[in-house]
Amino acid sequence: MTAILFGECVSARDTTKVRIRALGNEGCDLEIDAPACMVDDTDVTLWIGAVGPFPATVTQSLPERSASRLAVRFKEPLDGRILQHFSA
């Protein structure tokens, strides 16, 4: 999926608006405007628009990872219908 989606990422210490890229059933990449307290192995919940929450963990799978780019892996794979909805 190449579309940019908007959502919110929530951790125990922080909530931030995000742009979601490369949404897949196992995870996605996030872009944030301000540095957040979301470091490697932080448990978060992701809202994609008004759909969610989806439990996930921040990973370090992005080679260009910085304070404004994160990768997350969902704790449970997303249902194909959710992916289909956001790719329409």
Side-chain angles (χ1 to χ4, degrees):
M1 165 175 277
T2 59
I4 298 172
L5 305 168
F6 296 92
E8 190 171 69
C9 192
V10 181
S11 72
R13 298 182 55 196
D14 201 6
T15 298
T16 188
K17 300 235 183 268
V18 296
R19 288 175 300 283
I20 302 163
R21 296 178 179 269
L23 180 64
N25 67 331
E26 297 290 324
C28 62
D29 299 340
L30 304 179
E31 291 183 8
I32 58 176
D33 291 329
C37 298
M38 296 174 198
V39 295
D40 298 344
D41 299 324
T42 299
D43 287 330
V44 297
T45 54
L46 181 65
W47 288 84
I48 306 169
V51 180
F54 300 107
T57 302
V58 175
T59 66
Q60 46 179 328
S61 65
L62 293 179
E64 68 280 2
R65 188 175 180 278
S66 69
S68 64
R69 291 185 56 93
L70 304 172
V72 297
R73 182 166 181 86
F74 297 120
K75 298 213 181 246
E76 296 287 330
L78 293 184
D79 187 287
R81 293 172 290 185
I82 294 169
L83 296 175
Q84 186 177 24
H85 170 77
F86 286 110
S87 67

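We're numbering straight along the sequence, starting at 1. Only this structure's heavy atoms are used, side chains among them; waters, hydrogens and symmetry mates stay out.
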Quick check for you: to the nearest 0.5 Å, what is the distance between [X] atom [atom1] and [Y] atom [atom2]?
X	Y	atom1	atom2	value
Arg19	Leu5	CZ	CG	12.0 Å
Leu78	Glu76	CG	CD	10.0 Å
Leu46	Leu23	CG	CG	8.0 Å

Exercise: identify the closest heavy-atom pair between [X] and [Y]:
X	Y	value
Ser11	Thr42	CB-CG2, 4.0 Å
Phe74	Gly24	CE1-O, 3.4 Å
Glu8	Val18	N-CG2, 3.8 Å

(request) I would like to know whether Asp29 and Leu70 meet side-chain contact (heavy atoms from CB on, under 4.5 Å); could you show each step before the answer? (result) CA-CA 6 Å; Asp29 299 340; Leu70 304 172; over 6 Å; no
(request) Just jot down the side chain to side chain donor-acceptor pair (under 3.5 Å) partners of Asp41, sequence neighbours excluded, or say none. (result)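 Asp41 satisfies side chain to side chain donor-acceptor pair (under 3.5 Å) with no residue once adjacent residues are dropped.
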(request) Using the test side chain to side chain donor-acceptor pair (under 3.5 Å), find all partners of Lys75 that sit at least two apart in sequence or belong to another chain. (result)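 With neighbours one apart ignored, the set is Asp43, Thr57.
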(request) Carefully, step by step, assess Val72 and Phe54 under the rule side-chain contact (heavy atoms from CB on, under 4.5 Å). (result) CA-CA 11 Å; Val72 297; Phe54 300 107; over 6 Å; no
(request) Please tell me if the side chains of Val10 and Pro53 come closer than 4.5 Å, counting only heavy atoms from C-beta onward. (result)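 Contact flag for Val10/Pro53 side chains = no.
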(request) Please tell me if the side chains of Phe86 and Val51 come closer than 4.5 Å, counting only heavy atoms from C-beta onward. (result)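 Side chain of Phe86 against side chain of Val51, heavy atoms only: contact under 4.5 Å found.
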(message) The test is side-chain contact (heavy atoms from CB on, under 4.5 Å); show your working for Cys9 and Leu30 and say whether it passes.
(response) CA-CA 9 Å; Cys9 192; Leu30 304 179; 4.0 Å; yes
(message) List the residues meeting side-chain contact (heavy atoms from CB on, under 4.5 Å) with Arg73, not counting sequence neighbours, and say none if there are none.
(response)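 Once residues adjacent in sequence are excluded, the partners of Arg73 under the side-chain contact (heavy atoms from CB on, under 4.5 Å) criterion are Glu26, Thr59.
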